[in-house]
Amino acid sequence: MTEQAQDENKLIAQRRAKLTDLREKGVAFPNDFRRNTVAGELLAEYSEKTPEELEALGIRVCVAGRLMSRRVMGKASFAHLQDMSGRIQLFVQRDNLPEGVYPDFKKAWDVGDILGAEGQVFKTKTGELSIRCDSIRLLTKSLRPLPEKYHGLTDQEQRYRQRYVDLIMNETTRETFRIRTRMVQYIRNFLNDRDFLEVETPMMQAVPGGAAARPFTTKHNALDMDLFLRIAPELYLKRLVVGGFEKVYEINRNFRNEGLSTRHNPEFTMLEFYEAYTDYQDLMNLTEEMLRGMAEEVLGSTTIHYQGESYDFGSPFIRMTVKEAILKYRPDITEADLDDLDRARTMAENLEIPLKESYGLGKVQIEIFEKVAEHRLMNPTFITAYPTEVSPLARRNDDNPFVTDRFEFFVGGREIANGFSELNDAEDQAERFQQQLNERAAGDDEAMHFDADYLRALEHGLPPTAGEGIGIDRLVMLFTDSPSIRDVLLFPHMRAE
RNA sequence: GGGCCGUUAGCUCAGCUGGUAGAGCAGGGGACUCUUAAUCCCUUGGUCGAAGGUUCGAAUCCUUCACGGCCCA
């Protein structure tokens, strides 16, 4: 038995028999039907017209799409055809069609089939815009039954595994992915308007860099060489700034070899952009402008409703440092507690945070921040002054080299973006890479690799630059009120069936 | 990784303290020329996620596994 045969059933067998009949009669999968409009266009153009006006206009149209419902009343039927733009009702009458077509429509064709129809636009007695068909054809036989018309497809596993069925059945799914595309288009327009250059950098890298994460490995056979799927494009984009592309961005996939959750998929989409002669403050301003504008344009509102909460993208975004955030949410902790390694470790242990011996003060502070503050950052918030220890690619602050000119951006308790003034001191970068190697040797397999070519690029001179990464999937979750990252990925990663 | 929940017809779901399975929709047959979850009459359809175990008897109880969902780390 073939794999395919395992889920065959009577319904499929009946449809296969109908397809066999079609093959015997001639071309079973014709491709000569041409439509001249779509459902949404008809509805937009003629919904407001009266039946009399439509009769006087006498508009003839050709539409095509999937048969989603059929109500047979003897010698006449109503049906709904769904195309990319929406649904239009068909009125199909035996005596308005060539001999023999109507019985096929009733018996040989099934809900789910792809049809082409031609006729005049009119309104039914109940006022629904419809097409009175005088020609109708089967264009593609569907062999598998669709889910039930009322409840549709609700099983989440099937919605993810068989996204094509989910898209056929669920308008909210279709809308989620349209919004996703509009968001990405908004970003492209926003950055293009500001003279950023969109580029593509390697997905397969000999040295994985730009983030602290475990990479996927692969092998190039001809070169007999191990390669890593990229965890970030960062180091390549900054090489381009060295090369003189002073404003660049890339929107593309990153791959991280981590567990799956409602917020993690092994491949996910990231926007990264870099602009020379700006700093992280400029970047925060740009981010705020972009996200506010995106909400207005894509959702028509600066208030985002997510899982019962509301987030305000219209007011100025909150800005505070890592330490301020900790002190705000834990008034019992003092600044002095955070500035001393021993006292900070005690604080962390009281909070039941597991610490490694190798953690310095900066890492301990961040662990405390993540435990007590991060999940409480609901409205759009920039957190700044990240410790240098946890920011190996960011520029040190001029007044306090313990921290960097870096921010992360949070909404709804979730990290959405990460940006900083870039470290363009090649010698400092070399030391930071060395420190990462030490951490790797100490057992941290997420520590960064030493990238000698990147250092060589920095030695040519990276202009003062700021750069940022924005997680597109999490942003889309927020904008589409989706509880799981799988809801915003067309084909989320699943275990084998 | 841990806890809880789920997996029954193509889909959405019932199935009680164990007695070998049901509905609606879809499908098949019939009636019906303004319906829209069309309606009315008749009707087909199941490896109850998988494998073990307990029992005279398991969809139901137990164990393990698979997949998914939610929460936690």
Side-chain angles (χ1 to χ4, degrees), chain A residues 1 4-18 39 43 51 54-55 66-82 86-97 101-103 105-113 119-134 141-166 168-170 258-265 307 348 351-355 367 370-371 374-375 413 482-487 492-497:
Chain A
M1 286 301 262
Q4 183 195 23
Q6 286 176 3
D7 68 343
E8 292 280 312
N9 61 42
K10 190 170 145 190
L11 298 178
I12 295 175
Q14 285 166 350
R15 290 179 177 220
R16 284 196 190 282
K18 291 173 179 176
L43 293 169
L54 287 172
E55 206 56 47
R66 192 179 297 275
L67 182 66
M68 295 303 291
S69 65
R70 183 173 49 185
R71 294 173 293 282
V72 179
M73 297 156 303
K75 299 177 186 67
S77 299
F78 288 95
H80 274 106
L81 212 60
Q82 175 171 291
R87 285 186 184 192
I88 187 77
Q89 183 169 255
L90 305 180
F91 187 40
V92 187
Q93 296 159 289
R94 186 192 69 178
D95 298 338
N96 207 32
L97 292 169
V101 175
Y102 191 70
F105 171 82
K106 280 210 303 188
K107 292 294 170 190
W109 304 351
D110 295 287
V111 168
D113 288 352
Q120 187 168 322
V121 178
F122 78 110
K123 269 191 176 170
T124 63
K125 281 178 182 168
T126 57
E128 180 168 349
L129 194 75
S130 306
I131 298 169
R132 189 190 309 275
C133 299
D134 48 49
K141 185 69 201 166
S142 165
L143 296 176
R144 286 176 182 269
L146 287 176
E148 197 230 350
K149 64 190 169 192
Y150 187 57
H151 298 92
L153 185 68
T154 62
D155 182 76
Q156 293 213 50
E157 184 170 354
Q158 276 202 68
R159 289 184 47 222
Y160 299 145
R161 289 190 193 276
Q162 301 181 43
R163 185 67 90 185
Y164 35 89
V165 179
D166 184 30
I168 290 169
M169 298 305 296
N170 293 317
E258 297 162 350
L260 286 77
S261 79
T262 50
R263 290 175 219 182
H264 296 88
N265 196 66
Q307 304 292 295
L351 291 163
E352 297 177 346
I353 298 169
L355 295 177
E367 292 287 329
E370 288 177 357
K371 177 86 177 193
E374 185 172 311
H375 65 281
S482 300
S484 169
I485 195 171
R486 288 178 162 180
D487 296 321
H493 184 79
M494 303 286 281
R495 291 173 197 269
E497 277 182 84

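Lettering of chains follows the sequences in order, A, B, ..., and the numbering in each one begins at 1.
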Can you tell me the distance, in whole Å, between the CG atom of A:L97 and the C1' atom of B:rU33?
-> 12 Å

Could a donor-acceptor pair under 3.5 angstrom be found where the side chain of A:T154 meets the base of B:rU12?
-> no

When both distances are under 3.5 Å in a Watson-Crick or G-U wobble arrangement, the nucleotide paired with B:rG68 is B:rC5

Who pairs with A:T262 by side chain to side chain donor-acceptor pair (under 3.5 Å), at least two apart in sequence or on another chain?
-> none

Separation between the P atoms of B:rC65 and B:rG22, rounded to whole Å | 34 Å

Dump the intermediate steps for side chain to side chain contact (heavy atoms under 4.5 Å, CB included) on A:R70 and A:V92, then the final yes or no.
-> CA-CA 10 Å; A:R70 183 173 49 185; A:V92 187; over 6 Å; no

Mind checking the CG-CD spacing from A:D134 to A:Q120? Nearest 0.5 Å is all I need.
-> 8.5 Å

Separation of A:N170 CG from A:R159 CZ (nearest 0.5 Å) | 5.5 Å

Winner on side-chain proximity to A:F78, out of B:rU33, B:rU12, B:rC34, is B:rC34

Is any side-chain nitrogen or oxygen of A:R71 closer than 4.0 Å to OP1 or OP2 of B:rU35?
-> no

Any residue meeting ring pair (Phe, Tyr, Trp, His ring centres under 6.0 Å) with A:Y160, in chain and number order, not counting sequence neighbours | none

List in chain and number order the residues that pass side chain to side chain contact (heavy atoms under 4.5 Å, CB included) with A:Q14, two or more places apart in sequence or in another chain; answer none if no residue qualifies.
-> A:K10, A:L11

Go through A:K141 and A:D113 one step at a time and tell me if the side chain to side chain contact (heavy atoms under 4.5 Å, CB included) criterion holds.
-> CA-CA 5 Å; A:K141 185 69 201 166; A:D113 288 352; 2.8 Å; yes

Would you indicate which nucleotide in B:rA38, B:rG69, B:rC67 comes nearest to any side-chain atom of A:R486?
-> B:rG69

Please state the P separation for the pair B:rC13 and B:rC70 - nearest whole angstrom.
-> 15 Å

Classify the nucleic acid contact of A:G259 as base, sugar-phosphate or nothing, counting any heavy atom under 4.0 Å across all strands shown.
-> nothing

A:N9 atom CG is separated from B:rU44 atom C1', nearest whole Å, by 12 Å

Where the side chain of A:M494 is concerned, which of B:rG68, B:rC34, B:rC11 is the nearest nucleotide?
-> B:rG68

Value in whole Å for how far the P atom of B:rC34 lies from CZ of A:R132 | 12 Å

Approximate separation, where rounding is to 0.5 Å, of A:M169 CE and A:H151 NE2 = 11.5 Å

Atom CZ of A:R495 and atom C1' of B:rG69 are separated, to the nearest Å, by 13 Å

Applying the 3.5 Å cut-off to both distances, the Watson-Crick or G-U partner of B:rG27 turns out to be B:rU43

Protein heavy-atom contacts under 4.0 Å, written 5' to 3' over nucleotides 23-31 of chain B as B (base), S (sugar-phosphate only) or - (none), form the string -BBSSSS--

Run the numbers on A:E128 and A:H80 for side chain to side chain contact (heavy atoms under 4.5 Å, CB included), then give the verdict.
-> CA-CA 11 Å; A:E128 180 168 349; A:H80 274 106; 2.8 Å; yes

Say you draw a straight line from SG of A:C133 to CD of A:Q89; how long is it, rounded to the nearest 0.5 Å?
-> 10.0 Å

For nucleotides 70-73 of chain B, which of its nitrogen or oxygen atoms have a protein nitrogen or oxygen under 3.5 Å away, and what is each distance?
none

Checking N1-N3 plus N6-O4 or O6-N4 for Watson-Crick, or N1-O2 and O6-N3 for wobble, each under 3.5 Å, the partner of B:rA38 is none

Could you run through nucleotides 2-8 of chain B and give me one letter per nucleotide, 5' to 3': B if any protein heavy atom sits under 4.0 Å from the base, S if only the sugar-phosphate is that close, - if neither?
-> -------

